[in-house]
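Below you'll find the structure, written out as structure tokens, and then a few comments.
Just so you know, residue 1 is the first one in the sequence shown, and it goes up from there.
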Amino acid sequence: MYVHPTSESSEAYIALGANLGDREDTLMEAVRRLDETPDVTVLQCSNIYETEPVGYVDQPLFLNMAVRVRTDLDPYGLLHVMQHIEKELGRVRHIRWGPRTVDLDLIWMEGLREDTEELILPHPRMKERLFVLVPLRDIVPMEELSGLRNEIQTAMDRLDGKEGLQLWKTCSWHSVSAPSGN
């Protein structure tokens with residue numbers, strides 16, 4: 001699969017979730033595949049959280065996390081890479097918000113706004129879901145990034161206590177392209 005790069009690098013945030021199979025392994029494999037993609041570098045990953053399902057609730061608990069990436073792809077190119085990774089890892093779409101091996105959602109990209117049938121940025125439901133906001137808070141830098149950090153905190157204050165969420169595991173990420181300290 002080839003996707004045309006843009007002329008400039010951008011930072012983007014991707015939310016990941018899984019509730020079928022080896023959830024943690026699948027999430028980390030998705031992160032590895034993102035990082036191995038030309039024109040995409042995973043800069044940082046959030047902690048991993050176990051969360052209750054939202055929408056369709058008759059399904060196993062999810063593991064959720066988020067990653068911050070630097071990419072030379074435009075938002076549609078990055079979206080297509082993410083969809084390809086989902087498919088490779090066994091994602092099938094039978095029930096809206098139903099069980100899945102893995103889900104990758106493009107949440108935010110350099111303050112871009114898109115509203116097409118294929119892509120809405122920022123993600124339209126990110127402020128409604130602690131399972132997206134808490135991992136994002138782990139990795140959005142303290143400097144304000146167009147107010148994204150403030151938006152996250154304001155939304156979290158409104159949602160506090162409305163969804164089950166607990167820390168599953170801390171995550172430290174070292175890009176395959178970065179020199180190893182070991």
Side-chain angles (χ1 to χ4, degrees), residues 9-19 23-24 26-35 37 40-55 61-71 73-79 81-83 85-86 89 91 97 100-115 119-175 178:
S9 285
S10 300
E11 275 196 13
Y13 292 87
I14 300 167
L16 298 91
N19 74 336
R23 303 171 300 167
E24 183 181 338
T26 303
L27 289 177
M28 295 314 297
E29 180 61 23
V31 173
R32 277 189 290 278
R33 289 179 188 213
L34 275 169
D35 195 57
T37 300
V40 178
T41 302
V42 175
L43 301 173
Q44 190 176 9
C45 74
S46 73
N47 292 321
I48 301 171
Y49 297 89
E50 188 169 54
T51 62
E52 295 176 3
V54 172
L61 296 174
F62 279 85
L63 288 185
N64 291 96
M65 67 184 299
V67 294
R68 180 168 63 102
V69 302
R70 173 146 306 281
T71 183
L73 302 175
D74 69 22
Y76 294 93
L78 183 56
L79 178 67
V81 164
M82 293 163 45
Q83 290 169 338
I85 290 170
E86 286 178 337
L89 295 177
R91 170 80 191 263
W97 298 318
R100 63 207 73 170
T101 54
V102 70
D103 182 32
L104 284 80
D105 287 322
L106 184 54
I107 300 298
W108 185 90
M109 189 167 181
E110 287 284 328
L112 293 175
R113 298 212 175 271
E114 289 287 323
D115 192 353
L119 178 64
I120 300 174
L121 282 175
H123 192 284
R125 290 174 301 281
M126 94 174 178
K127 293 180 185 176
E128 302 167 9
R129 306 214 164 123
L130 281 176
F131 67 81
V132 172
L133 295 169
V134 171
L136 280 177
R137 185 181 60 185
D138 288 349
I139 60 174
V140 172
M142 288 306 288
E143 59 274 4
E144 295 215 6
L145 279 176
S146 303
L148 180 59
R149 190 159 185 92
N150 284 342
E151 287 183 47
I152 291 168
Q153 192 57 54
T154 300
M156 285 180 63
D157 291 345
R158 277 195 318 273
L159 294 175
D160 196 30
K162 291 186 179 177
E163 297 178 74
L165 180 138
Q166 66 179 359
L167 180 64
W168 174 265
K169 185 176 189 178
T170 58
C171 179
S172 61
W173 177 257
H174 301 288
S175 171

Subject >> For T37, side-chain hydrogen bond (donor to acceptor under 3.5 Å, both in side chains) partners two or more places apart >> reply: none
Tell me the closest heavy-atom pair linking [X] and [Y], and the distance in Å.
X	Y	result
F131	T51	CB-CG2, 3.6 Å
E86	D103	OE2-OD1, 3.2 Å
F62	G17	CD2-C, 4.3 Å
L112	P75	CD1-CG, 3.7 Å

Subject >> Identified side-chain contact (heavy atoms from CB on, under 4.5 Å) partner of L16 from the options V67, I48, N64 >> reply: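 The side-chain contact (heavy atoms from CB on, under 4.5 Å) with L16 is passed solely by V67 among V67, I48, N64.
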Hey, could you give me the [atom1]/[atom2] distance between [X] and [Y], rounded to the nearest 0.5 Å?
X	Y	atom1	atom2	answer
M28	C171	CE	SG	4.0 Å
I107	M126	CD1	CE	7.0 Å
R70	S9	CZ	OG	5.5 Å
E52	L61	CD	CG	6.5 Å
I85	I14	CD1	CD1	7.5 Å
L119	Y76	CG	OH	5.0 Å

Would you call [X] and [Y] a side-chain contact if the rule is heavy atoms closer than 4.5 Å?
X	Y	result
L106	M82	yes
K169	M65	no
P122	K127	no
D35	T41	yes
M109	T71	yes
L104	L34	yes

**OP:** Could I get the full list of salt bridge (Lys or Arg N to Asp or Glu O under 4.0 Å) partners for E114, not counting sequence neighbours?
**Re:**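 With sequence neighbours excluded, E114 shows a salt bridge (Lys or Arg N to Asp or Glu O under 4.0 Å) to no residue whatsoever.
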**OP:** Would you please name every residue forming a salt bridge (Lys or Arg N to Asp or Glu O under 4.0 Å) with R23, sequence neighbours left out?
**Re:** E50
Original post:
Considering residues at least two apart in sequence or located in another chain, which fulfil the side-chain contact (heavy atoms from CB on, under 4.5 Å) criterion with I152?
Top reply: L133, L136, R137, V140, L148, M156
**OP:** Could you tell me which residues satisfy side-chain contact (heavy atoms from CB on, under 4.5 Å) with D138, sequence neighbours excluded, listed by chain and number?
**Re:**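 Scan of D138 (side-chain contact (heavy atoms from CB on, under 4.5 Å), adjacent residues dropped) gives S46, N47, Y49.
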**OP:** State whether the side chain of T101 and the backbone N or O of L89 hold a donor-acceptor pair below 3.5 Å, judged by distance alone.
**Re:** yes
Original post:
Does E110 use its side chain to pair, donor to acceptor, with the backbone of E11 at less than 3.5 Å?
Top reply: yes
**OP:** Output every pair passing salt bridge (Lys or Arg N to Asp or Glu O under 4.0 Å) with a member in residues 40-49, not counting sequence neighbours, ordered by first then second residue.
**Re:**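 Residue pairs with at least one partner in residues 40-49: there are none.
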